[in-house]
Amino acid sequence: MYFPNKLVFILVVLWSCGGQDTITDSYDVVVLGAGTGAVSAAIQSARNGSRTLYVNPLEWHGGMLTAAGVSATDGNHNLPSGLWAEWRSHLRNYYGGADSLFTGWVSNTMFEPHVGHQLWVDLLAKEKNLTIYTSTEWDNISKIEKGWILRLRQLDAYVEAKILIDGTDLGDVAAAVGVKYDIGMDARSYSQESIAPEVANDIVQDMTYVAILKDYGPGMNKTITKPLDYDSSRYHCACQHDCNKEGIHPCKTMLDYGRLPNDKYMINWPINGNDYNANIIAQDKTVRQAVYEKAKKQTLGFVYYIQTELGYTHLGLAEDEFPTRDKLALIPYHREGRRIKGVTRFNLNHIIDPFNYQLYRTGIAVGDYPVDHHNHKSIDPPVIEFPNIPSFNIPAGSLIPESVEDLVIADKAISVSNIVNGCTRLQPSILQVGQAAGMIASIAAQQSISPREVDVRAVQSKLLDSNVFLMPYQDVVLDDLGFKSIQKIGATGILRGEGIPYKWANKTLFYSDSIVSVPDLLDDLIDYDEKLDKVAIGQVQSLNKVNVIDMVQQISYLLQIPLNQIDTSKVSDKITRRELAIILDKNLDLFGKQKIDLEGKKIN
């Protein structure tokens with residue numbers, strides 16, 4: 001059910017008569033926030049059969065993707081996982097194909113923010129288990145024995161939730177209910193990352209108030225009023241205009257960075273552009289708003305600079321994008337917020353060498369973006385040389401607070417290190433985080449348990465059914481006949497992939513058609529269960545139709561797993577990694593049999 005503002009007004013009148021302390025409705029899951037993860041959490045919770053309420057303080061859905069105007073997605077072009085892929089497919093259909101979205105050079109997926117928002121509206125409207133309030137804020141959150149009670153401020157109505165999801169940009173819900181969190185750069189001794197600064201500080205990444213410019217045609221003058229305190233030197237060397245510095249882009253290239261369909265330009269330029277630095281994360285709304293006005297001035301000054309100093313007078317603020325008085329985005333683009341102290345903390349070591357740890361077993365979302373921090377406007381930030389990284393998965397425990405029950409995190413406030421936030425914060429990854437949060441919350445509500453008690457493998461299985469990647473295997477596409485089996489076997493640590501750092505689109509490859517290496521396989525089996533050190537295949541380097549049956553029978557006996565007849569009639573003479581993944585999954589269900597906790601440790 002989708003409630004536009006007129007109906008919300010009617011409900012305000014009706015519910016006000018009921019008394020302030022009256023609980024007007026109860027839900028399995030309540031999602032609070034305007035973040036990117038909020039919308040995917042709400043959809044997934046509803047799709048899983050839970051009665052879900054989604055409370056968005058804005059008119060728009062999609063968070064940084066739409067309301068913040070960052071309509072050029074970063075990463076996961078080749079990891080089409082879950083709702084990210086589903087929503088992108090609607091974008092492609094709207095604009096006429098994938099190539100129609102490759103309009104600028106910063107991203108393969110670029111679109112007009114208002115279109116992105118409308119596509120979310122369309123997807124939300126299909127969910128029968130979902131109630132939505134827009135332009136509605138929350139307060140007075142109180143913990144009860146099993147769940148929460150909170151007030152919807154504009155409605156002056158109280159609702160009850162079994163499970164609460166924080167879908168805010170900055171982790172505001174988590175902070176309001178007492179979750180412990182970190183802000184700023186972590187100390188090396190705390191994060192356990194060798195490149196982290198020796199001493200912690202409160203430096204956070206720059207925020208950006210995005211503008212969308214539109215080409216109104218030759219001869220048109222759309223120059224805005226000169227902003228107060230405008231100083232062109234702030235933007236000097238944003239591009240090559242009167243700038244001889246090495247590595248600075250030509251001005252047209254700068255604009256084409258964010259070129260969108262229909263002759264529009266996303267203005268989100270970090271180099272002497274419209275980034276703005278201030279740590280307002282833990283501040284109240286009044287302080288935040290005052291800083292946001294300064295960030296807006298930074299952007300309007302840059303727009304004026306583009307129009308006057310660079311001569312693009314025909315590029316004006318798009319009047320058909322944001323429903324705001326100043327025509328800027330509805331909210332700023334926050335690259336960083338609170339980071340909760342979760343059941344697990346995801347750090348750089350887990351990404352660089354995942355199989356040396358255990359968290360990869362609990363993956364619920366994937367990403368391939370490098371570590372990217374915007375500290376251009378920070379004052380004397382520590383210089384950190386970020387390493388090249390492979391693609392990665394995000395562990396389930398990072399979504400669950402360590403000390404507060406019945407709460408799940410759906411956006412950038414997940415439990416990661418400051419450094420890792422630089423690669424988990426991007427839109428496609430956060431959409432998956434939100435989707436996983438919705439699934440965890442829904443299962444917990446349906447089973448009347450805490451999110452920390454949810455069976456990790458059950459969550460992963462249901463996410464797989466929703467086309468979510470558990471492992472970041474770029475070379476295993478969704479329609480591969482072995483997709484689910486490879487994802488499951490990969491999450492057990494058997495048949496491990498190879499991580500390959502690659503520019504702005506990192507990889508992990510499974511090599512489905514490669515022949516199985518028996519020595520590597522035996523090591524993986526022992527890591528899966530020490531009992532499997534007794535598996536004997538003989539002095540061979542590969543598997544065939546005969547010895548693979550013998551091996552599976554040995555595993556079945558050693559682990560006491562019932563086994564039906566094994567069909568190898570359609571496999572190759574030398575077994576490939578894809579074929580073995582399917583055989584192990586279909587015959588032994590090693591994924592389902594390996595029970596794990598949120599830290600990835602095996603449960604006996």
Side-chain angles (χ1 to χ4, degrees), residues 79 81-82 182 186 190-196 339-369 371 387 389-402 408-410 412-426 429-430 432-433 435-437 439-440 451-461 463-464 468-473 486-499 501 506 508 510 524 527-529 590-591 594-604:
L79 289 173
S81 176
D182 296 309
D186 305 316
Y190 177 67
S191 73
Q192 300 297 304
E193 298 162 318
S194 61
I195 65 169
R339 292 170 289 109
I340 68 157
K341 295 187 177 184
V343 174
T344 59
R345 170 57 63 97
F346 189 41
N347 68 36
L348 190 61
N349 305 317
H350 301 129
I351 293 178
I352 292 175
D353 191 9
F355 296 113
N356 195 39
Y357 301 89
Q358 299 168 326
L359 288 184
Y360 76 88
R361 295 173 179 157
T362 71
I364 43 75
V366 295
D368 63 9
Y369 209 68
V371 179
I389 62 171
S391 55
F392 54 88
N393 64 3
I394 297 172
S398 65
L399 281 62
I400 301 174
E402 66 176 359
V408 187
I409 308 300
K412 291 187 283 287
I414 58 174
S415 180
V416 297
S417 70
N418 167 264
I419 289 174
V420 165
N421 170 75
C423 59
T424 59
R425 64 180 174 82
L426 290 315
S429 292
I430 294 301
Q432 297 167 75
V433 166
Q435 186 169 4
M439 186 67 80
I440 292 170
R452 73 176 66 246
E453 297 174 310
V454 169
D455 182 343
V456 175
R457 290 300 191 216
V459 172
Q460 291 176 313
S461 294
L463 288 173
L464 265 178
V468 170
F469 285 52
L470 309 181
M471 301 295 290
Y473 294 148
I486 290 169
Q487 289 288 322
K488 288 180 178 180
I489 290 299
T492 68
I494 299 172
L495 299 174
R496 299 176 178 185
E498 178 188 14
N506 299 298
T508 302
F510 183 75
D524 293 348
D527 183 69
Y528 176 87
D529 193 309
L590 296 180
F591 174 81
Q594 184 193 57
K595 298 300 181 183
I596 57 172
D597 63 18
L598 287 167
E599 295 180 352
K601 297 176 182 177
K602 289 172 274 191
I603 301 171
N604 293 326

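Keep in mind it's a predicted model, so treat the numbers as computed, not measured. Atom set for the values below is all heavy atoms of this structure, side chains included, hydrogens, waters and symmetry mates excluded.
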**Request:** Report the residues that fulfil side-chain hydrogen bond (donor to acceptor under 3.5 Å, both in side chains) with T508, sequence neighbours left out, ordered by chain and then residue number.
**Result:** S391
What are the two closest heavy atoms between [X] and [Y], and how far apart are they?
X    : Y    : result
A437 : L399 : N-CD2, 3.7 Å
V420 : F346 : CG1-CD2, 3.7 Å
V366 : S429 : O-OG, 3.3 Å
L470 : Q487 : N-OE1, 2.7 Å
I364 : P395 : CG1-C, 4.1 Å
N506 : Y369 : ND2-C, 3.7 Å

**Item:** All salt bridge (charged side-chain N to carboxylate O under 4.0 Å, His left out) counterparts of K601, not counting sequence neighbours
**Value:** E599
**Any residue meeting salt bridge (charged side-chain N to carboxylate O under 4.0 Å, His left out) with D597, in chain and number order, not counting sequence neighbours** = none
Any side-chain heavy-atom pair of [X] and [Y] under 4.5 Å:
X    : Y    : answer
N418 : D182 : no
I389 : C423 : yes
P354 : L359 : no

**Request:** Carefully, step by step, assess R339 and T424 under the rule side chain to side chain contact (heavy atoms under 4.5 Å, CB included).
**Result:** CA-CA 12 Å; R339 292 170 289 109; T424 59; over 6 Å; no
Nearest 0.5 Å please: distance from the [atom1] atom of [X] over to the [atom2] atom of [Y].
X    : Y    : atom1 : atom2 : result
L495 : I489 : CG    : CD1   : 7.0 Å
L426 : N421 : CG    : CG    : 9.5 Å
L590 : D524 : CG    : CG    : 11.5 Å
L598 : D455 : CG    : CG    : 10.0 Å
N393 : D368 : CG    : CG    : 12.5 Å
F469 : M471 : CZ    : CE    : 12.0 Å

**Message:** Assess, by modelled atom type and distance only, whether the side chains of S81 and Q432 contain a donor and an acceptor separated by less than 3.5 Å.
**Reply:** yes
Kindly say whether [Y] contributes a backbone atom to a donor-acceptor pair with the side chain of [X] at under 3.5 angstrom?
X    : Y    : value
R452 : P401 : yes
Q460 : R361 : yes
N347 : Q192 : no

**Message:** R345 and side-chain hydrogen bond (donor to acceptor under 3.5 Å, both in side chains): which single residue from S398, S415, S417 fits?
**Reply:** S415
**Asked** Of the options R457, K488, K602, which is the one that meets Q594 in a side-chain hydrogen bond (donor to acceptor under 3.5 Å, both in side chains)?
**Response** R457
**Prompt:** Which class fits the ring pair Y360 and F355: parallel under 30°, tilted 30 to 60°, perpendicular over 60°?
**Reply:** perpendicular
**Message:** Ring-plane angle category for H350 and Y357, please: parallel below 30°, perpendicular beyond 60°, tilted otherwise.
**Reply:** perpendicular
**Message:** One thing to verify: whether K341 and D186 come together as a salt bridge, which I'm taking to mean a side-chain N less than 4.0 angstrom from a carboxylate O.
**Reply:** no
